[in-house]
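Right, one structure below, let's go through it.
Side-chain atoms are counted along with the backbone in the values below, which use heavy atoms only and exclude waters and symmetry mates. By convention in this document, chain letters (A, B, ...) are assigned in the order of the sequence lines, proteins followed by strands, and residues within each chain are numbered from 1.
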2 protein chains.
Amino acid sequence: MAFNSKFETPKVTVDIVVFTIVDKKLKTLLVRRKYPPFQDIWALPGGFIRKHEELPHAALRELKEETGVSKAYLEQLYTFGEEKRDPRGRIITIAYFALVPKGHIRLKASHDAKEARLFSLKELPRLAFDHKKIIGYGLTRVRNKIQYTNTAWSLLPEKFTLREIQEVYEKIWGKHADKRNFRKKIISLGLIEAVKGVQRGLKQRPAKLYSFKTKKYVELRRFF
Amino acid sequence: MAFNSKFETPKVTVDIVVFTIVDKKLKTLLVRRKYPPFQDIWALPGGFIRKHEELPHAALRELKEETGVSKAYLEQLYTFGEEKRDPRGRIITIAYFALVPKGHIRLKASHDAKEARLFSLKELPRLAFDHKKIIGYGLTRVRNKIQYTNTAWSLLPEKFTLREIQEVYEKIWGKHADKRNFRKKIISLGLIEAVKGVQRGLKQRPAKLYSFKTKKYVELRRFF
DNA sequence: ACAAAAGTGTTGAGAGTACACCCATGC
DNA sequence: GCATGGGTGTACTCTCAACACTTTTGT
């Protein structure tokens with residue numbers, strides 16, 4: 001009996017949910033599809049894996065094609081394999097999520113996307129395939145993750161103010177935190193240090209700048 | 001250009017890490033492979049997905065073939081796709097983990113397994129493919145999960161004693177908990193209720209039996 | 001001098017942790 | 001009556017949450 005007669009040989013894609021904070025809003029990257037199905041509809045960046053290509057490499061490649069970003073926090077999210085998720089046939093997608101620092105994204109079109117844009121998570125357009133569900137998974141994962149790890153810090157630039165860290169947490173959770181309590185806690189973790197210089201150019205008191213002592217991934221005992 | 005010349009059309013399997021507690025030890029199910037590669041070597045239960053078969057269905061089917069268990073907590077774990085993980089070619093595996101209650105497992109051989117056995121996690125044999133890594137992922141996931149959900153309770157039978165719940169936590173974490181504090185906490189969650197009857201047949205004071213008020217999955221605010 | 005956000009401490013409540021003895025049963 | 005695990009309460013510590021005013025800058 002041929003392998004093919006009984007078993008499925010699906011095609012496999014990777015899709016990436018890219019999160020970043022712009023204009024004090026949590027946003028995700030979408031591309032407008034050039035070809036059917038779902039032509040002209042917005043979708044997650046992604047595509048088929050190539051021969052001999054490792055999965056995270058495929059995700060990073062797609063990310064770079066659309067945004068120019070080559071360094072980001074990248075983590076496997078979930079694999080979506082429902083038979084009917086793609087009208088072209090059995091296509092399984094391995095979804096990743098990426099966290100990209102403030103302002104590192106340079107949007108570009110690519111060979112199979114007409115246009116790339118950041119969308120606020122509160123104003124998502126109609127999405128192709130099951131991509132709305134995938135974004136939902138991504139958001140849930142990020143929300144859970146910031147509670148007991150420092151991964152969300154990948155959304156920050158090299159140097160940042162305490163207010164900016166707090167903003168990351170507030171935007172992801174969608175709720176406000178107390179400034180004094182937040183600062184106390186984040187400083188008590190001992191993972192950041194003040195650096196020389198202040199944030200200038202604003203018509204208000206300048207804020208101290210900080211940087212990470214380490215970029216290592218750290219497990220926290222319930223941080224936020 | 002044919003699709004095949006540039007892109008990968010991998011084969012896709014599911015593998016299941018089955019956890020259960022037997023003889024007060026956390027164990028996982030392994031099968032001895034009947035065919036090459038890795039003939040006669042122990043491996044996770046699993047196999048290729050069939051045409052039109054949903055992924056969790058494939059996982060449950062494999063689980064049932066080896067253990068007779070048709071109901072269990074099942075969750076997708078991670079997708080392993082390294083090019084070199086299987087000598088036969090590009091085979092991506094979507095790993096699931098399952099939690100099966102005490103004593104529900106009836107081991108059987110199957111069409112592609114000579115033998116099925118439960119192994120204590122501390123005494124694993126040599127394993128085929130990257131299955132050792134997969135089990136490691138599974139254990140980490142379960143350990144994290146019991147801290148903030150009630151999923152680990154799927155390892156318990158209908159009726160159970162407080163000591164048995166505590167055992168689940170202790171065996172998964174490998175460390176001892178204080179009896180009084182543990183009971184206080186678990187009762188304060190309000191998720192279990194005493195039922196009529198006691199645990200008999202032991203040469204000691206009989207323990208009260210409890211059952212779950214609900215079998216729903218509940219998020220806890222850091223339980224263990 | 002005014003607007004705007006930065007920066008800074010204290011207190012009370014609740015959760016977590018440590019700890020030791022009596023009880024009910026089988027043999 | 002003895003061995004075995006079942007069952008129970010209190011006190012201390014620490015973390016979390018609530019809360020308001022002064023400081024520094026740009027205009």
Rounded distance in Å - CZ (B/Phe182) to P (D/dG5)
18 Å
Measure from the side chain of B/Gln204, starting at C-beta and using heavy atoms only, and say which of D/dG5, C/dT25, D/dT25 lies closest.
D/dG5
Residue mapping more 5' on DNA chain D - nearest nucleotide basis, A/Lys185 or A/Lys203:
A/Lys185
When rounded to whole Å, the CD1 to P distance for the pair B/Ile187 and D/dG9 reads 11 Å
Pair B/Glu170 + B/Arg163: basic N to acidic O under 4.0 Å:
yes
Taking NZ, NE, NH1 and NH2 as the nitrogens, is one of them in B/Asp40 or B/Lys114 under 4.0 Å from a carboxylate oxygen of the other?
yes
Taking only side-chain N and O atoms of A/Arg205, does any of them lie within less than 4.0 angstrom of OP1 or OP2 on D/dT22?
no
Does the distance from a Lys or Arg side-chain N to an Asp or Glu carboxylate O, for B/Lys215 and B/Glu158, drop under 4.0 Å?
yes
For a quick test of reading the model: is some side-chain N or O of B/Arg183 closer than 4.0 Å to OP1 or OP2 of D/dG7?
yes
Answer yes if the ring centres of B/Phe129 and B/Phe80 are under 6.0 angstrom apart, and no otherwise.
no
Side chain of A/Ala207 only, heavy atoms from C-beta on: which candidate in C/dG16, C/dA24, C/dG7 is closest?
C/dG7
Find the distance B/Arg163:CZ to D/dT8:P and express it as a whole number of Å.
15 Å
At under 4.0 Å, does any side-chain N or O of A/Arg180 touch on OP1 or OP2 of D/dA20?
no
Salt-bridge test for B/Glu54 and B/Arg61: reply yes if a basic N is under 4.0 Å from a carboxylate O, no otherwise.
no
What is the distance, to the nearest angstrom, from the CZ atom on B/Arg200 to the C1' atom on C/dG26?
10 Å
note: A/Asn181, atom CG; C/dT10, atom P; distance rounded to Å ~ 14 Å
Hey, does A/Lys179 reach any base, or is it just sugar-phosphate, or nothing, if we go heavy atoms under 4.0 Å?
base
Ignoring hydrogens and geometry beyond distance, is the side chain of A/Lys184 in donor-acceptor contact with the base of D/dT15 at under 3.5 Å?
no
Separation of atom CD in B/Gln199 from atom C1' in D/dT4, rounded to whole Å:
13 Å
Have a look at B/Leu202 and say if it touches a base, only the backbone sugar-phosphate, or nothing, with a 4.0 Å heavy-atom cut-off.
sugar-phosphate
Atom-to-atom span, CG of B/Asp178 to P of C/dG16 - whole angstrom:
14 Å
Spacing between B/Tyr148 atom OH and C/dG16 atom P, to the nearest angstrom:
17 Å
